[in-house]
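All residue numbers refer to positions in the sequence shown, counting from 1. Note that the structure is a prediction, hence the values are computed from the model and not measured.
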Amino acid sequence: MLQRVGEEEKTTNVTVPISEAAFPMPFYEGLEYSSPARGVWNIAHTGMLIPEAHEIFVCALGCLRGVVLTAAEMDALDRYSAIELREENVINGGIEELMIEGVTDILHKLSYRPRAILLYVSCQHLFLGCDLKLVFDTLRTRFSDIHFVDCYMTPTFRKSGMTPTQRMQVQLYRMWEQMPADPKKVNLIGSNLETAPSSELVRILEDAGYEFWSIHRCEDFDDYLKMAEACLNLVYDPTGLMAAKDIKKRLGMDYLYLTCTYDLDELEQNYRLLAETLGTDMPDLSEDRKRAEEAIAHAATVIGDTPIVLDYTFTFRILSFARMLLEHGFRVTEVCTDAFLPEELENFTWIREHCPDIVISATTRPAMRFVHGDCSGQEETGKKTILALGQKAAYIAGTDHFVNVAESGGYYGYDGIAQIMGLMEDAFLHEKDRKTLIQQKGYGCISCL
């Protein structure tokens, strides 16, 4: 970033009290900065969830750099290939032939036969009107034993229509075909991370005699295809809703959205709705709720009035989580996000009314690096410890006391709340190596770093 020598970094227009913040967009959209906090998943991570699948990206060299590094860091280069789209291909045409023959060459040279190919196209294919139907029809005829699905690395479209993350979740299940429905089989879809087996959500299903499936439980490609036998899809990640709707439209499989809430009463409503949908009795979850309440109370005693900063990558429902903390005596001082989900309006209104001084901070403004300064080693310097929830919050607040969780971490329900409270206590009591941890891509994935 260029700046005049001696000029101080401007930190205006990057924070706003929630009392003055607009909903759902508190900041103007402009040139954006990407922090080194890399814990959230990208489309390459998500595609790797399909067992026995191979990814092929067809993009310009600059775009390929990021995804090849993702595959390398995951130790999954054997499941990744690339076709470089060059200037002469754009000027002279023949992109369709490049893709068809490039994929053919890759498949002939692979040391194994993949069951599926995830073929990622880029913005340029859409700008140039590439005949993708011709490409995929030809490849499916040429390699009839392999499933092909079109995937999209189109960051230029991320603020118009379906985002790349939503589109990837849709395409992740596009290879499912119509199958007879099993009335005792239920899927959870749309989440990059596996739901903790200790969650009462999982227990409710299994205790009622249902097979509970997610893509994380699939050992091979056949298991993945058999997920299409389910009678119901469950979703709690908002980015997975479009996938659930697409599956219902294509295959007639119904879905149930159980929002990732941290309101204990709303959680109970979710479970009642689940039991009603399954046609089973509502189980007694009073002990589960009691454990969550006790965990919250214990964490509040340990953490006390420590300032808490949290960011949108920590959980899908960041304002729901912030409100839960505030209602139980925690001192939330800052929420780092550039936008709010529409379903967070009630929580936004409540926080603005009861805690109007809480600061909303942008995460995509370069100046955010200078708002807090580096607060690591607070005890040694006599500074007040800041507890951060999420990697971006840790980066912005400059603190080594942080909960290293992204995308809700697979924690759901009363059990999820109790587990997160334990992580908050540990983060408050022990520092982490922030600079090492936050640069690792894809929280929960294997990392070679």
Practice task
Establish, from distance only, whether the side-chain atoms of Asp311 and Gln391 form a donor-acceptor pair under 3.5 Å.
Solution key: no
Exercise for the section: Heavy atoms only: give me the nearest Met179-Ala228 pair and the separation to one decimal. Expected result: SD-CB, 4.0 Å
Problem - Ionic contact status for Arg203 with Asp288, cut-off 4.0 Å - result: yes
Practice task
Check the side chains of Asp338 and Thr364 for a donor-acceptor pair under 3.5 angstrom, ignoring hydrogens and angles.
Solution key: yes
Exercise for the section: Go through the structure and list residues passing ring pair (Phe, Tyr, Trp, His ring centres under 6.0 Å) with Tyr257, not counting sequence neighbours. Expected result: none
Problem - Phe57 and Tyr80 aromatic ring geometry - parallel, tilted or perpendicular at 30°/60° bounds - result: tilted
Practice task
Inspect the contact between Arg289 and Glu268 and indicate whether a charged nitrogen and a carboxylate oxygen are less than 4.0 angstrom apart.
Solution key: yes
Problem - Donor + acceptor pair across side chains of Glu343, Thr259 (<3.5 Å) - result: yes
Practice task
For the residue pair Tyr224 and Trp176, categorise the inter-ring angle as parallel (less than 30°), tilted (30 to 60°) or perpendicular (more than 60°).
Solution key: tilted
Handout entry: Residues in salt bridge (charged side-chain N to carboxylate O under 4.0 Å, His left out) contact with Asp222, at least two apart in sequence or another chain
Key = Arg115
Exercise for the section: Taking only Lys NZ, Arg NE, NH1 and NH2, and the carboxylate oxygens of Asp or Glu, determine whether Glu344 and Arg317 approach each other closer than 4.0 Å. Expected result: yes
Practice task
Please check if atom CZ in Arg86 has more than 12 non-hydrogen atoms from other residues, nucleotides or ligands closer than 6.0 Å.
Solution key: no
Handout entry: Ionic contact status for Asp150 with Arg174, cut-off 4.0 Å
Key = no
Exercise for the section: Mind jotting down which residue pairs meet the salt bridge (Lys or Arg N to Asp or Glu O under 4.0 Å) criterion with at least one end in residues 59-78? Sequence neighbours excluded, please. Expected result: none
Handout entry: Residue pair Trp41 / Cys445, side-chain heavy-atom distance below 4.5 Å
Key = yes
Exercise for the section: Evaluate the criterion ring-ring contact (aromatic ring centres under 6.0 Å, His included) for residue pair Tyr152 and Tyr120; output intermediate values, then yes/no. Expected result: CA-CA 5 Å; Tyr152 298 86; Tyr120 291 78; 8.8 Å; no
Practice task
For the pair Arg142 and Glu101, find out whether any cationic side-chain nitrogen is under 4.0 Å from an anionic carboxylate oxygen.
Solution key: yes
Exercise for the section: State, without any angle test, whether Thr239 and Gln169 hold a side-chain donor-acceptor pair at a distance under 3.5 Å. Expected result: no
Exercise for the section: Count the heavy atoms of every other residue, nucleotide or ligand shown that sit under 6.0 Å from NZ of Lys226, and state whether that count exceeds 12. Expected result: no
Handout entry: Beyond-backbone contact of Tyr443 with Leu193, side-chain heavy atoms, under 4.5 angstrom
Key = yes
Exercise for the section: Establish, from distance only, whether the side-chain atoms of Asn347 and Tyr262 form a donor-acceptor pair under 3.5 Å. Expected result: no
Exercise for the section: Take atom CG of Asp145 as the centre, draw a 6.0 Å sphere, and report whether it contains more than 12 heavy atoms from other residues, nucleotides or ligands. Expected result: yes
Handout entry: Any side-chain donor near an acceptor of the partner, Gln419 and Ser198, under 3.5 Å
Key = yes
Practice task
Check whether any side-chain heavy atom of Glu200 sits under 4.5 Å from a side-chain heavy atom of Tyr271, and report yes or no.
Solution key: yes
Practice task
Establish, from distance only, whether the side-chain atoms of His45 and Asn42 form a donor-acceptor pair under 3.5 Å.
Solution key: yes
Practice task
Compare all side-chain heavy atoms of Met424 with those of Phe330 and state whether any distance is below 4.5 angstrom.
Solution key: yes
